[in-house]
Amino acid sequence: MAVHEILKMGDPRLLRVAQPVTEFDTDALHLLISDMLDTMHAANGAGLAAPQIGVDLQLVVFGTDAVNPRYPEAPPIPRTILVNPVITPLAGDDGLLTEEEGWEGCLSVPGLRGVVPRFARLRYTGFDQYGDAIDRTVDGFHARVVQHECDHLLGILYPMRVRDFTRFGFNEVLFPGLDAATDD
Ligand code: NI
């Protein structure tokens, strides 16, 4: 078990466009993923991107158990290792691309939450750690988490997506009923 330090906003390593993974199923890649999962679980995170531990690669891990204390209302998302992801926003039944607003936090922006617009529905493709293809169409919270994590690979942190700064602030002020353990 190796829990890494999570870089915080202001660190220039969080602002890089990450490099693609070129070799799959290597000892180094498996070790990196194991460390990322340990780090994510230790922080009760819903996801973690490699740049958040200073690794300049297009790799994200995400997933929630049925009860994640940081996201108690959210439906579970299967644990996913996603390498070299590509996101394609999809139209809804009405043929229109739709955005949804939702609260987000980030392990690199501790103590804060903000409302972020995200595409409501999307397809994501990429590879798992063995190089096998992943191709999923998702919506709702799953789509939100994928967009948040893949933004990290473009050097984008969620506060850069906030449009209404009246809905951006400190956890304990915005959500005074939440346990301190749910801090980002
Ligand atoms: Ni994040």
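Small disclaimer: the values here were computed from a predicted structure and weren't measured. Just so you know, ligand 1 is whichever comes first in the structure, and atom 1 is the first atom listed for that ligand.
- Within the 4.5 Å cutoff, the side chain of Leu48 has heavy atoms near those of the Ile53 side chain.
- Each protein N, O or S atom less than 2.8 Å from the Ni ion (ligand 1) was counted, giving 3.
- Atom CZ of residue Arg144 and atom CZ of residue Phe62 lie 14.5 Å apart, to the nearest 0.5 angstrom.
- In this structure, Thr80 and Tyr124 have side chains that are in contact, with non-hydrogen atoms separated by less than 4.5 Å.
- Here Arg161 pairs with Asp151 in a salt bridge; the nearest charged N to carboxylate O distance falls below 4.0 Å.
- Across all non-hydrogen atoms, the minimal contact from Gln52 to Ser108 is NE2-OG, 2.9 Å.
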Per-pair distances, 0.1 Å, donor-acceptor, side chain in residues 18-29, under 3.5 Å, sequence neighbours excluded:
unit_1	atom_1	unit_2	atom_2	d
Asp25	OD1	His30	NE2	2.6
Thr26	OG1	Leu29	N	3.1

